[in-house]
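Since this is a predicted model, take the numbers as computed values, not measurements. Below, chains carry the letters A, B, ... as their sequence lines are ordered, and counting in each starts from 1.
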There are 2 protein chains.
Amino acid sequence: MRRTPARRPTMKDIARRAGVSESAVSFALNGRPGVSDATRERVRQVAEQLGWQPSTAARALSGEGAATVGLVLARPARTLGAESFFLQLVSGVQEVLADHRLGLLFQMAEDIDAECAAYRRWWAERRVDGLLVVDPRADDPRPALLDELGLPAVVIGALDGDDGAYGAISTLWADDTGAMASIVGHLHALGHRRITHVAGLPELAHTRRRMACLRTEAERRGLPDATSVTTDYSDAQGAEATRRLLSGPQPPTAIVYDNDVMAVAGLAVAAERGVSVPGELSIVAWDDSVLCRSTHPSLTALTRDTPAFGRQAAHLLTALLAGAPPTRVQASTPRLTTRESTSWT
Amino acid sequence: MRRTPARRPTMKDIARRAGVSESAVSFALNGRPGVSDATRERVRQVAEQLGWQPSTAARALSGEGAATVGLVLARPARTLGAESFFLQLVSGVQEVLADHRLGLLFQMAEDIDAECAAYRRWWAERRVDGLLVVDPRADDPRPALLDELGLPAVVIGALDGDDGAYGAISTLWADDTGAMASIVGHLHALGHRRITHVAGLPELAHTRRRMACLRTEAERRGLPDATSVTTDYSDAQGAEATRRLLSGPQPPTAIVYDNDVMAVAGLAVAAERGVSVPGELSIVAWDDSVLCRSTHPSLTALTRDTPAFGRQAAHLLTALLAGAPPTRVQASTPRLTTRESTSWT
DNA sequence: GCTGCCGACTAATGCGCTTTAGCCTGCGGG
DNA sequence: CCCGCAGGCTAAAGCGCATTAGTCGGCAGC
């Protein structure tokens, strides 16, 4: 016994009820001049009463844009284990998008080529007005593509050098350098001299920055052997790297992992090897999460306010969509939360 | 030096190039009769060459639907810690949506009222053709709402009783009952008699089903004291519940946690109390993830193929959108992966 | 030889909204 | 007294596509 579904009211319905033309309704509802205040108010009330909402399709068609921004996440399926980062980021993003009545079109892709294809398709289909670009990488093809397509975008995490070269691309810059400095500072203060960095995907820009900064900091402080090894962020490769490191001739006394998942995996390897944490090995996780709090010992971790990060990114994008010039802003530097996994050596 | 962005080709461009009318182009591209095969082929080639894609806005406006499905995730921000479930689900969903050229409009909401508001808005704005509904709950207001709005939907996880009462709502039913039975069976076989269930949000339908099944199974096997306590899925409440249970007069010998995060938190509490796992306490996690593999001891967990689950849900929805009648299908029963955290007692 | 019909197209309409161009009415200035 | 002008509104066009209603030529049937 299917009820006939409710019909969606259109501007024509409002016009009829308010006894004016459709154009008057449009003017009234969009705050354009051309109608008296009395009429405007009346139209508003009728619209409200009818529960009218503009059809995004019609709006888009008449040149107003799709009222939607896109976000594609290109990570191989196996590495999206317990990535709390993205859901938190998105939750922040949503908060401000909702305020601006913008929808979020979300897609997951296998790799960056699929991601670019998605951008092209969205553009050709006129689905989005702007984009949030995550995981910037060295030699990133996306800014040039977006420039070609004329799509405004916010790059989350910062490109390497050539910002500003592109039309409508803002950048939300995460201070990886400062963060790495604080980690190395912490470990050095505890007496560590052999620090190793189990990094993430080598093609990501922030991975490179973190690696570079580790070396710089280590040199500055006269620490030898500060090296990085790259992984795919998975627990498997995190564990694997840890095994190799601990079996080496001169195992590190401290390991910095580029995400929480690998840090936990590394901790498990240490336990399995009988290496005491933090007695013989200190562990730091880049990005805090419930995992870091729940392990035994709990993990010292780099904490950042990811939802806030997302909000900031969304703000940059809405500004861009409103016609503001592209900017480049730095997010707040993450804080190191000291827990049980780091100690004197 | 901003290049002028590329212009998007329209059907008019194709028509001009191919030397036919716009209608002919439409017929040709949509596989409608009314054009010769030769013309059809020529038009196809021109379209291809121009990189033409239909404007979703225009399509939507002419009654074809928005080529988009919606998904809103209503969970309080604090509980979306390391929820790997959703990203995995979505990755599966995307896979099949992409094949059908459907976009996914994603939103996060604070609670179910905000979720319903989002549905209403999407409907009024004609943004979506259908919805994926997650976290069904007892007395769920959403099916009635969607029915009223005439939006096809797939409920992921199954409603309680009244399926079939609604117009275009399919159900992908997760076999919580069978899963719980396999867990209880496993623990019983190991000799456990005092099993406790640290459940999730009490308002969710699957929480209730799991609780009910635990009682049924326990009774059937003559086990006393099989109780459930509810939480908000957070590590904090998982830990808290574990503390209470372990301090009770007759602590359980086995605890089943409704997600991985709480299981890990519970494990940490046991460690902190000096309760050996699995010696004195066995632990089972509902939903496997990297966490379960990485802890020490590793956790026996209920494994399900979440991306496949997502794919299945998306298939149900595309069928619905294509006009098929609503159905109710059961997802494959999850498998219990036995690890170190469960043993004889 | 005319009618009827079918295949291959084209013209025209509508979807819901924005926007531009007009159309009145009343008013002040010349 | 007429003109110009501004305010308040309506009519109409256009966005890109699908669809319905023609149009036109050719071919079979009577």
Could you give the [atom1]-to-[atom2] distance, from [X] to [N], as a whole number of Å?
X     : N      : atom1 : atom2 : result
B:I14 : D:dA18 : CD1   : C1'   : 14 Å
A:E64 : C:dT18 : CD    : C1'   : 6 Å
A:L29 : C:dT18 : CG    : P     : 8 Å
A:M11 : C:dG14 : CE    : C1'   : 15 Å

Restricting to side chain to side chain contact (heavy atoms under 4.5 Å, CB included), what partner residues turn up for B:E203, sequence neighbours left out?
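B:E203 satisfies side chain to side chain contact (heavy atoms under 4.5 Å, CB included) with B:R137, B:L201 only.
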
Under the rule for side chain to side chain contact (heavy atoms under 4.5 Å, CB included), what residues qualify as partners of B:R126, not counting sequence neighbours?
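For B:R126, the residues satisfying side chain to side chain contact (heavy atoms under 4.5 Å, CB included) (neighbours in sequence not counted) are A:R8, A:T10, A:S55.
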
For [Y], is there any backbone N or O sitting under 3.5 Å from a side-chain donor or acceptor partner on [X]?
X      : Y      : value
B:R40  : B:R32  : yes
A:Q94  : A:L104 : no
A:S170 : A:T327 : yes
B:D129 : B:A66  : yes

Which part of the nucleic acid, if any, lies within reach of A:S26 when heavy atoms closer than 4.0 Å are counted: base, sugar-phosphate only, or nothing?
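It contacts base atoms.
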
Does C:dT19 have its OP1 or OP2 closer than 4.0 Å to a side-chain nitrogen or oxygen of A:R32?
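Yes, because at least one side-chain N or O of A:R32 sits under 4.0 Å from OP1 or OP2 of C:dT19.
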
If you compare every side-chain N and O of A:R59 against the phosphate oxygens of C:dT18 (OP1, OP2), does one of them come in below 4.0 Å?
yes

Among residues 43-54 of chain A, which residues get a heavy atom nearer than 4.0 Å to DNA chain C?
A:W52, A:Q53, A:P54

Let me check something: any side-chain donor-acceptor pairs from residues 309-325 of chain A under 3.5 Å, sequence neighbours excluded? List them with distances.
residue : atom : partner : partner atom : Å
A:H315  : ND1  : A:R311  : O            : 3.3
A:T318  : OG1  : A:A314  : O            : 3.4
A:T318  : OG1  : A:H315  : O            : 2.9

Please output the side-chain donor-acceptor pairs of residues 17-29 of chain B that fall under 3.5 Å, not counting sequence neighbours, one pair per line with the distance.
residue : atom : partner : partner atom : Å
B:S21   : OG   : B:A24   : N            : 3.2
B:S26   : OG   : B:N30   : ND2          : 3.4

Across nucleotides 9-15 of chain D, 5' to 3', mark each nucleotide with B, S or - according to how protein heavy atoms within less than 4.0 Å reach it.
BBBB-BB

